[in-house]
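Residue numbers count from 1 along this sequence.
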Amino acid sequence: SSDVCSSDLFDKWRFVILEIFKLMYSDNQLAYECAVKSAFGDNIPESFVNIPPISSHEQIHQVLKVHFLNVDGVYTVEKLLWVFYKNVPNLKYCPMLPQVLSLLLLFVTEAEAYAIGKTMIEQSVIFLDESKPEHSDDMRGLRWYFPLVEEQFHKFIESFCRFLKKRCSAFSEIEAHFRKIEYDYIDFFCTIFESLFLGFFPLPLVIRIFSAYLNEGIKIYYRMGYAFVKVFKDLILNHDDAFTMSTMLKSKANNIRLQEAKALFTEAYALSLSKIKDKFSNLSALKLGAFKPPKQHYLPNILQPSKIIERGLFEYIWDWLPNDKKLCEGILAYSANEDGWRIKTMYQKVEPFKGRSMLLILKSNIGTVFGAFIDDIFQPFKFDYVGSNNCFVFFLLPEPIAFFSTSKNKYHLLSKTDYFSIGGGGDGAAFSLDEELNQGHTYHSETYNNPQFNLGNSPSDSSFKCVALEVYILA
């Protein structure tokens, strides 16, 4: 995935990593294939819009701000994250995992990266479980790799800050300086620890720290944080601008000289560190101002692929769905191009799914793709609108965006024998189609406050032709 290492150095690091986890002579492929099957079934997505909710970021480029992978490598990280999330119930919050995987993939295969990551998670689960007497001191021994829930991450940062105050004589003076200039050093350490030092130190130094991390666990974070404060004490104390402090420190770390790098490791390993004093169970988690709770994402379970949209666009729809619908399977009940362009046929195809919800996806003659979620099905013999304020309409192309109920009326779905319409009030229906499902109209509706889906600008410019239509049942 990268050309950052010579062939000999690559082989050396690969050997070291596999030896640490006793995987040099293991066949990990079958176990990984089973995990992939468990996560995705027979439909592995070709792309991913979002990553699982294991950090405060939703997309891979927000998490891997610096990496050394090609496009396929980044996709593999996204895939692995979903495989872990679907197969490891203890994984709730782990912002370091994407960086760990991105570095592993420089040296090992996808299946090996999964095997290593799984071992790291399992070891962290055991060592952070302070409820069991036999593991009561394992957390303080720092042989675990990463926190797995939000509270553990906050307590990890707090324990590190307490450790610095107790073990680093230089830090009291530095902390006083930070307070004087009102610099948030906790946020600084959160950022570099979440990134696993990627984008902070040069890659060769990051790899050296990473190998120590794989070998001895989270302890290397405490060592390197301690060493950084000691080696760059004078630099920190001579900088009085809180606004540029982080930028200055990052620039210094990026351009670190060989002698300074040697001094870092000398200080790090001169530190006698077998255990830290504080147990997580005795700490109250820091309330980090920059922390944003992760947003829950679900991978769509689409049983039959769409002929209108790529699988990745379903992720946007699933993000918009009510929570109780996110775990549903998407069943393709009707496709106009395959089942015929008659409204009666469409009604017949969805009738067996009474009590379920629907997704309508349309493509117009000008290339726009739009649709609706309705928490009911077509009911042509009911002489009124159906659906609740959970219904919404959406654009997928040219840009994914949803328009939710304004609660100003309940004109969600009206089914007639010669047309159906969604939304109403204002200028008219959000969109409607005739008996042959090809002549449509779209207006700004009061129900959803939506634009015209044919990109028109006035009620007089409302018509469009439907060139593709699919109805998915959520069951």
Ignoring hydrogens and geometry, is there a side-chain-to-backbone donor-acceptor pair from [X] to [Y] under 3.5 Å?
{"X": "Asn254", "Y": "Lys250", "result": "yes"}
{"X": "Arg311", "Y": "Pro300", "result": "yes"}
{"X": "Trp144", "Y": "Leu128", "result": "no"}
{"X": "Glu112", "Y": "Thr109", "result": "yes"}
{"X": "Glu329", "Y": "Ala475", "result": "no"}
{"X": "Asn87", "Y": "Ala35", "result": "yes"}
{"X": "Lys92", "Y": "Glu150", "result": "no"}
{"X": "Lys219", "Y": "Leu273", "result": "yes"}
{"X": "Lys37", "Y": "Asp42", "result": "no"}
{"X": "Ser172", "Y": "Ser169", "result": "yes"}

Got a second to check how far [X]'s [atom1] is from [Y]'s [atom2], nearest 0.5 Å?
{"X": "Ile60", "Y": "Asn50", "atom1": "CD1", "atom2": "CG", "answer": "10.5 Å"}
{"X": "Phe232", "Y": "Asn238", "atom1": "CZ", "atom2": "CG", "answer": "13.5 Å"}
{"X": "His67", "Y": "Leu106", "atom1": "NE2", "atom2": "CG", "answer": "10.5 Å"}
{"X": "Thr191", "Y": "Asp184", "atom1": "OG1", "atom2": "CG", "answer": "9.0 Å"}
{"X": "Glu151", "Y": "Glu158", "atom1": "CD", "atom2": "CD", "answer": "10.5 Å"}
{"X": "Arg356", "Y": "Ile473", "atom1": "CZ", "atom2": "CD1", "answer": "9.5 Å"}

Assert yes or no for the condition that the ring centre distance of [X] to [Y] is strictly below 6.0 Å.
{"X": "Phe210", "Y": "Phe107", "value": "no"}
{"X": "Phe370", "Y": "Phe394", "value": "no"}
{"X": "Phe153", "Y": "Phe146", "value": "no"}
{"X": "Tyr472", "Y": "Phe314", "value": "yes"}
{"X": "Phe403", "Y": "Tyr448", "value": "no"}
{"X": "Phe193", "Y": "Phe156", "value": "yes"}

Relative to each other, are the rings of [X] and [Y] parallel, tilted or perpendicular (30° and 60° limits)?
{"X": "Phe48", "Y": "Phe40", "answer": "tilted"}
{"X": "Phe453", "Y": "Phe395", "answer": "perpendicular"}
{"X": "Phe178", "Y": "Tyr185", "answer": "parallel"}
{"X": "Phe228", "Y": "Phe201", "answer": "perpendicular"}
{"X": "Trp320", "Y": "Tyr316", "answer": "tilted"}

Minimum heavy-atom separation for [X] to [Y], with atom names?
{"X": "Trp82", "Y": "Ala39", "value": "O-CB, 4.3 Å"}
{"X": "Leu148", "Y": "Ser124", "value": "CD1-CB, 4.1 Å"}
{"X": "Leu101", "Y": "Ala113", "value": "CD2-O, 4.2 Å"}
{"X": "Ser55", "Y": "Tyr93", "value": "CA-CE1, 3.6 Å"}
{"X": "Arg223", "Y": "Leu271", "value": "NH1-O, 2.9 Å"}
{"X": "Pro98", "Y": "Val77", "value": "O-CG1, 4.0 Å"}

Just checking, is any N or O donor in the side chain of [X] or [Y] under 3.5 Å from an acceptor N or O on the other one?
{"X": "Glu470", "Y": "Tyr334", "value": "no"}
{"X": "Asp241", "Y": "Thr244", "value": "yes"}
{"X": "Thr119", "Y": "Tyr145", "value": "no"}

When you look at CZ of Arg14, are more than 12 heavy atoms from neighbouring residues, nucleotides or ligands closer to it than 6.0 Å? yes

Consider ring-ring contact (aromatic ring centres under 6.0 Å, His included). Of Phe188, Tyr226, Phe189, Phe171, which one does Phe160 pass it with? Phe189

Establish, for the pair Arg208 and Phe265, whether the NZ or CZ atom is under 6.0 angstrom from the six-membered ring centre and no further than 45 degrees off its axis. yes

Ring pair (Phe, Tyr, Trp, His ring centres under 6.0 Å) between Phe197 and Tyr221, worked out: CA-CA 10 Å; Phe197 302 98; Tyr221 277 71; 5.8 Å; yes

Report the residue from Asn390, Asn389, Asp375 that forms a side chain to side chain donor-acceptor pair (under 3.5 Å) with His412. Asn389

Member of Thr266, Ile256, Leu264 meeting the side-chain contact (heavy atoms from CB on, under 4.5 Å) criterion with Val231: Leu264

Between Ile186 and Cys161, is a side-chain contact (heavy atoms from CB on, under 4.5 Å) present by the stated rule, with each step listed? CA-CA 8 Å; Ile186 294 176; Cys161 293; 4.0 Å; yes

